[in-house]
There are 2 protein chains.
Amino acid sequence: MAQARRYAGGVDGNRSLERGIEILRAFRPGVDTLGNGEIAERTGLPRSTVSRLTRTLVNSGMLDEVRAMRAYRLAASVISIGHAMRTGSPVLNAIGAMMRAESAKRRLNVGLATADRTMMVYLESIRYSPRAALRNVVAGQQVPMELTSLGRAYLAGIAEAERERLLKLFKRRSAAATKALLADVRTSIRSVERNGYCAVSWQPGVLAVATPIVLGGLPVYALNMSLQNVDRSEALAGEIGAYLNAFAAKCKEVLAGQ
Amino acid sequence: MAQARRYAGGVDGNRSLERGIEILRAFRPGVDTLGNGEIAERTGLPRSTVSRLTRTLVNSGMLDEVRAMRAYRLAASVISIGHAMRTGSPVLNAIGAMMRAESAKRRLNVGLATADRTMMVYLESIRYSPRAALRNVVAGQQVPMELTSLGRAYLAGIAEAERERLLKLFKRRSAAATKALLADVRTSIRSVERNGYCAVSWQPGVLAVATPIVLGGLPVYALNMSLQNVDRSEALAGEIGAYLNAFAAKCKEVLAGQ
DNA sequence: CCAGCGTTTCCACTAAGTGGAATTAGGGGG
DNA sequence: CCCCCTAATTCCACTTAGTGGAAACGCTGG
C-alpha cells in the first residue's frame, strides 16, 4: 500500500477548533441568541458535540450563557479581539485618518473593506452627513461580495484562481438570476481593469464606486466612495471614480512606505 | 479505587478549542503581529501544537498569514463576529440611542462596558466633542477593572464570590501598591452602595463616574459618564453622579420592559 | 556557501474527543 | 401538584484525532 499513513495531528487542521469557530460564526446580525439545538442544526454538528463545545466557549469567555432561554450569546470578548484586529491593521492605521479627511472634503461616504469568505466586511465606513453628529463608523458590517462595488473591486484585485472559485460559489448560491448576475460581475471587473474602479447601485438611491488595493503579503482590500439619494448616472460615477482613483493613488503611496 | 473514571470528552471542556481561543487572545492592541514562536512563548504551548492550531485558524479565516514575516495577524472575520455581538446585544440595542442623546444633552462622554476577564471592555463609548465631526465611537477598547470607575462599578454589581475572586487576581498582579489600591477599590464599591455611583480619575484630567447595571440573566454592565480637562472635585463628581443616576434609572426602566 | 534559527513535519503513543443512547432537567398544562 | 414533553446534558465503549519531542526543512544574513 503506497498510500502513506495519514497521522491525525495532520496537515488538515484541528477539528475541534474548526468546529468551535464555526459555532461562533453561526451568530450573526439577526441571529443573536442560539440554543445548542439550533446551533447543531445550523452547523450540522451532533448535539452532544455542540453541548461540549459551547461549554468550552463559555469558559473561554467567548459566549455568554442565557440560562433563562437555555441559549447562548456572543460575549464581550469577541469585540475586544475585534478591536485588537482593527488596532493592528496596518492598512487601516495608515489610511484611516486620510479616509476621514477625504470624506469631509468630498462630502461623501468612504469605506474600507476586505473579504470574509463570500462577504465583504468593512474595516471602516465613514458616513458623511452634513449633520455630523450622527453615527459615523460601522466596522464589521458585512455586505455580499457579488452585489456590491466593494466586492467586485475585490474580485478584480485577487488572483485568477481564487476569483473563479468564488464565482462558482455565487453560482451555486443564487439559483435564480445567476447568468445575468455573473455577467454583471464580470462587467464590473472589466471596468476596474479599464478605468480603475467600478460603480454599482446595490441599494436603491445609493451610488457606490470602488477600487481594489493590492499589496504584496497582505490580503486584498477595497476602497469605496458612495453617495445617497442620487440617481445612477455615468457622469456622476465618472466623477466619483476620478476622486476615488486619485485618493487610492495617494493611499497606495503612503502604504508603499510601510 | 473510588475515583470514578473521567472520560476525555469530559466536563472540563475541549482542550484544542480552548488553546485556539487563547492564541487569538494573544493578539491585542500593541501586539498586532505574532509568529508561531512568539505565540508559543506567550501561551506556554509547545511549538508544534501552535503551528498546527495557527494553521487551523488561518483555514477558518480567523488569522491572516503574513508570509514575509513568518507571522500571523487577526483577520477581518473577527470584526464581523464582533459586529454580530454588538448587533445582538440587547442592552446596547435598548439604550444605545439614549446614550448618544444623553451625551449631546449633558455635553460629556457616555460609555457602556462589561467585563472580559480582568478588563472592562467598552460596548460603546460616545465621546462628546463640541466639534462633532471627530470620531465618536470606540467599541472593544479595554481598560483595567481595578483602576477605573467602570470596573469598580462592575465589581459593586456582581456577586460576592466572584468579586473576591477578582480582587485576589488584582492582588497577585500588581505586587506593588496593592494594599492602598485594594482599599481604594473597596472605597469605590462602598460609594456605589451608598450613592449609586463611584468617581475615579484614572487618567490625569479626566473625571469618570460609573454605575452598575444589573439585570437577571445577563452579565453585569457598567455605565459611565466622563469629562476631560477638569480637576477632580467632590462637587463636580456629585453633579455628574446625579445625572448618571437619573440616566441609569431611565435605562433600567427601558430594559425592564425587555 | 555555510551557519544559525525558527518553523514545520514526522511518528509512536495514548489521552482526548466522539456521538448515539440513556438520563436528567425545565416548564407548561391538566 | 404532578406529570408529560421537549431539549439539553451526561454516559461510556470505541478509536481516531491530537500530542509533543525530535528530526528535517528552509530562510537569511554573514
Side-chain angles (χ1 to χ4, degrees), chain A residues 1-24 26-27 31 33-60 62-73 216-217 258, chain B residues 1-24 26-27 31 33-60 62-73 216-217 258:
Chain A
M1 193 208 214
Q3 166 77 39
R5 176 97 156 67
R6 282 285 293 288
Y7 286 90
V11 275
D12 35 339
N14 182 295
R15 185 162 57 148
S16 312
L17 177 52
E18 228 159 41
R19 289 171 160 191
I21 300 293
E22 231 34 66
I23 289 177
L24 291 180
F27 295 85
V31 193
T33 305
L34 288 173
N36 279 334
E38 232 166 334
I39 294 174
E41 234 169 83
R42 278 163 200 268
T43 57
L45 300 172
R47 301 180 112 80
S48 48
T49 301
V50 170
S51 182
R52 267 175 282 126
L53 294 180
T54 51
R55 198 214 307 313
T56 305
L57 289 169
V58 169
N59 290 340
S60 302
M62 304 302 284
L63 291 181
D64 281 335
E65 206 170 349
V66 189
R67 206 159 301 187
M69 316 180 62
R70 287 149 152 267
Y72 301 92
R73 243 194 232 110
Q258 316 306 328
Chain B
M1 196 212 219
Q3 166 77 42
R5 177 98 155 68
R6 281 285 293 288
Y7 287 91
V11 273
D12 36 338
N14 181 294
R15 186 162 58 147
S16 313
L17 178 52
E18 228 158 41
R19 289 170 160 191
I21 301 293
E22 231 35 65
I23 290 176
L24 291 180
F27 295 85
V31 193
T33 306
L34 288 172
N36 279 334
E38 232 166 335
I39 294 173
E41 235 169 82
R42 277 163 200 268
T43 57
L45 300 172
R47 301 180 114 79
S48 47
T49 301
V50 170
S51 181
R52 267 175 281 127
L53 294 179
T54 49
R55 199 213 311 310
T56 305
L57 288 169
V58 170
N59 289 339
S60 302
M62 304 301 283
L63 292 180
D64 281 335
E65 206 170 350
V66 190
R67 207 159 297 187
M69 318 182 59
R70 287 150 149 264
Y72 301 93
R73 240 193 234 111
Q258 314 308 328

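In what follows, every chain begins at residue 1, and chains take the letters A, B, ... in the order their sequences are listed. Computed from a predicted model, the values in this text were never measured in an experiment.
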Taking B/Ser60 for the side chain and B/Thr56 for the main chain, is one N or O donor matched with an acceptor at less than 3.5 Å? yes
Ignoring hydrogens and geometry, is there a side-chain-to-backbone donor-acceptor pair from B/Thr43 to B/Ile39 under 3.5 Å? yes
Nearest 0.5 Å, please: how far is [atom2] in [Y] from [atom1] in [X]?
X	Y	atom1	atom2	result
B/Thr54	B/Leu34	OG1	CG	10.5 Å
A/Tyr72	A/Met62	OH	CE	15.0 Å
B/Leu45	B/Ile23	CG	CD1	6.0 Å
A/Arg52	A/Arg19	CZ	CZ	9.0 Å
A/Glu65	A/Arg73	CD	CZ	12.0 Å

Would one find a side-chain N or O of B/Ser51 under 4.0 angstrom from OP1 or OP2 of D/dG20? no
Specify the residue among A/Ser16 and A/Gly35 whose closest nucleotide of DNA chain D lies further upstream toward the 5′ end. A/Gly35
Toward the 5' end of DNA chain D, which comes first, B/Ala68 or B/Arg19, by nearest nucleotide? B/Arg19
How would you label the contact of A/Arg67 with the nucleic acid (heavy atoms, under 4.0 Å): base, sugar-phosphate, or nothing? nothing
For B/Ser48, report the nucleic acid contact type (base, sugar-phosphate, nothing); a contact means any heavy atom under 4.0 Å. base
In whole angstrom, what separates [X]'s [atom1] from [N]'s [atom2]?
X	N	atom1	atom2	result
B/Glu38	C/dC5	CD	C1'	14 Å
B/Leu53	C/dA16	CG	P	15 Å
A/Glu41	D/dT6	CD	C1'	14 Å
B/Arg70	C/dG4	CZ	C1'	13 Å
B/Glu18	D/dT19	CD	P	12 Å
B/Arg55	C/dG6	CZ	P	20 Å
B/Arg47	C/dT7	CZ	P	6 Å
B/Glu65	C/dT7	CD	C1'	11 Å

Of all the nucleotides listed ([options]), which has the minimum atom distance to the side chain of [X]?
X	options	answer
B/Asn36	C/dT18, D/dG20, C/dT7	C/dT7
A/Arg15	C/dG17, D/dG20, D/dA17	D/dA17
A/Thr49	D/dG18, C/dT18, D/dT9	C/dT18

For the base of D/dG20, is there a side-chain donor-acceptor partner from B/Arg52 under 3.5 Å away? yes
DNA chain C stem ranges, 3 or more consecutive Watson-Crick or G-U pairs under 3.5 angstrom: C:1-30 with D:1-30
